[in-house]
Amino acid sequence: MPSFSVLKKRRDFVKLTKHGVSVATSSLVLQAAPRDLNEPTSHPRIGYTTTKKIGKAHTRNRCRRRLRAAAALFFDKYALPNFDYVLIARHTTAEVDFSVICRDLQYALQKINHRLMPEIADNATKNNSPADNSAD
RNA sequence: ACAGGCAGCCGGAUAGCUGCGUUGCGGAAGGGAAAAUCCGUCAAUGAGGAAAGUCCGGGCUUCAUGGAAACAGGACACCAGAUAACGUCUGGCUGGAGCAAUCCAAGGGAAAGUGCCACAGAAAAUUACCGCCGAAUUUUGUUCGGUAAGGUUGAAAAGGCGAGGUAAGAGCUCACCGCGGGGUUAGUAAUAACUCCGGCAAGGUAAACCCUGUUUGAAGCAAGACCAAAUUAGGAGGGCUUUGAUUUUUCAAAGUUACGGAGGCGUUUCCACCUCGCUCCAGAGGUAGGUCGCGAUGAGCAAAGCAGUGAUGUUUUGCCUAGAUGAAUAGCUAUCGUUUUCAGCCGUUGCAAAACGGCUUUGAAAAUACAGAACCCGGCUUACAGGCUGCCCGUAUCU
RNA sequence: GGAGAGUUGGCAGAGUGGUAAUGCAGCGGAUUGCUAAUCCGUCACGGUGAAUAAUCGUGCACAGGUUCGAGUCCUGUACUCUCCG
């Protein structure tokens, strides 16, 4: 039973690239950002990006599937509630061993959570009211 | 056996674990009912020969018009047929490539007209530089005429070759070949064969404009239809209604907003558009969302029979077979299959080195292609590891 | 998914079927005590060559075709960019 939903709107992707934090590994790139804090939903959301750079439609589909399979393994454990994540495929994603993708994703999730948690703490101390946070 | 040619087919398999879309069924909540929403140890089903490129042809939808046509522009072009249609396909003709099977060809018109043919060359299309010949003048020559055989240039220079003929030459004449026209025969036709005549017409380019014939409205599922939500508060104008003045026309005030107006296919004009319930200006908001279109009736798929040289048509029987929308149809593991290479073993030739062939339940390593439906069909083009089947041709050997 | 435009030296950018312009950058030389500016030359790739002389071949994204001859005309392929109210 998946405990996360899927990002679909272009607006959300753009917001992530503007305001989010990103971690790059050899096989994938992970972006993450907190959602609006006044919304009560708690599930993390995840999106997948495969650009035209990495190949034609067949290879892009394959990359997306492999990323989705890896995400299904690890997001239950590591993903934080009220956060949006985006996985971006790279040139190597279709070719490399699946174990490498799993290792990279695990590493990236741990690192990005480590970098995001203090940011939230800072925000909470500076701006107590969530209305000010959303106005930025 | 080797080397080719053509046509067609396949394009990984099995098991396990974890998952996805759609449809059906069941359940939950919800409601007058339905739809939408969520759930399921439920069931069924789930990519291709090219799904690709978007190069052609259709279906379908909208726009314009009473219905059409014309012009411009585009496309096509040997003949006959197939087809819903086509620039596709089939059969034939002609020309070219190959020993052959077979393959390739935008393959109408240059005698309707216009343009172009750089450089070189006398001359690139009614031409004459050198040369050859004759005459005049009178003498290393000059002028006039004839000639297109010879020379140089160039991609291309006015039928080819031989003989006659001539001052020199020339289809000027003749034979053969080529070319053009007529006739006969064969064929639906393109065309072919035979025969007679003409003396030869004035180069190339139409993938330059063009001519002739045939054909063509435009845009595309982000087409288009419906549903729901959100916002005016201003000015000008028009229409209608009521009231007042007035014989009517008309004028003023208040209210109201469709039955009115506008719309222009490539041809006229303009440059964001839509909504805010007439139009324009100003202003504000928006370019989000959902359902249908959308797949079980279709130029549908499979098999067999019949007609036809064939494309194809037709009859019978059976089948219903993806429907997503940040986009499902999978991810991983194991075993097997296929191919290649290396090692190993066996056989043949050989003194040997080595070469060739075979074996894989003897093993190892590597590879396992091109590539993902997006409204749907018919083609074309391009990409593609490897494998299978059938037929045909050539060479060598044997019978 | 659909519609359309383009590709020429290191960069920009012309080019009626007939010798691949021009500018910037780079390199060499002149000028100067030195530099800048200015002037002159060179500047796609490869071969022969002692040579930056000379000469030959290949070059306009790639591959075919038409033509005596294609950067240009026609067909196919690859890549890049733009638009979809």
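Keep in mind that what you see is a predicted model, and the values were worked out from it rather than measured. Both backbone and side-chain heavy atoms feed into the values below; hydrogens, waters and symmetry mates do not. Residue numbers start from 1 in every chain, and the chains themselves are labelled A, B, ... in the order their sequence lines are given, proteins ahead of strands.
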Problem - From A:Leu105 atom CG to A:Leu109 atom CG, the distance as rounded to the nearest 0.5 Å - result: 4.5 Å
Practice task
Answer with base, sugar-phosphate or nothing: what part of the nucleic acid does A:Ser99 contact at a heavy-atom distance below 4.0 Å?
Solution key: nothing
Completion exercise
Here the gap from A:Arg68 atom CZ to A:Ile46 atom CD1, rounded to the nearest 0.5 Å, amounts to 9.5 Å
Fill in the blank from the handout: Rounded to whole Å, the CG-P distance (A:Leu67 to B:G19) equals 19 Å
Completion exercise
Rounded to the nearest 0.5 Å, the CZ atom of A:Arg64 sits from the CG atom of A:Leu87 at a distance of 12.5 Å
Handout entry: Comparing A:Ala57 and A:Arg64 on RNA chain B - which has the more 5′ nearest nucleotide
Key = A:Arg64
Problem - B:U18: syn or anti, per glycosidic angle within 90° of 0 - result: anti
Handout entry: Nucleotide forming a Watson-Crick or wobble pair with B:U348, both distances under 3.5 Å
Key = B:A355
Fill in the blank from the handout: By the Watson-Crick or G-U definition, both distances under 3.5 Å, C:U32 is matched with none
Problem - Inter-residue atom distance A:Lys111.NZ - A:Leu30.CG, 0.5 Å rounding - result: 11.5 Å
Fill in the blank from the handout: Rounded to whole Å, NE2 of A:His58 lies from C1' of B:A371 at a distance of 6 Å
Polar atoms only, N or O, under 3.5 Å: list the protein pairs with nucleotides 330-336 of chain B and their distances.
| from | atom 1 | to | atom 2 | distance (Å) |
| --- | --- | --- | --- | --- |
| B:G331 | OP1 | A:Arg62 | NH1 | 3.0 |
| B:C332 | OP1 | A:Arg66 | NE | 3.2 |
| B:C332 | OP1 | A:Arg66 | NH2 | 2.8 |

Completion exercise
Here the gap from A:Ser27 atom OG to A:Asp97 atom CG, rounded to the nearest 0.5 Å, amounts to 11.0 Å
Handout entry: Between B:G19 (P) and A:Phe74 (CZ): distance, integer Å
Key = 15 Å
Exercise for the section: Give the minimum heavy-atom separation between A:Ile101 and A:Thr93, together with the two atoms involved. Expected result: CD1-O, 3.7 Å
Completion exercise
Classified by glycosidic angle (syn within 90° of 0, else anti), B:G295 comes out syn
Practice task
Figure out the CG/P separation between A:Leu73 and B:C20, and round it to whole Å.
Solution key: 13 Å
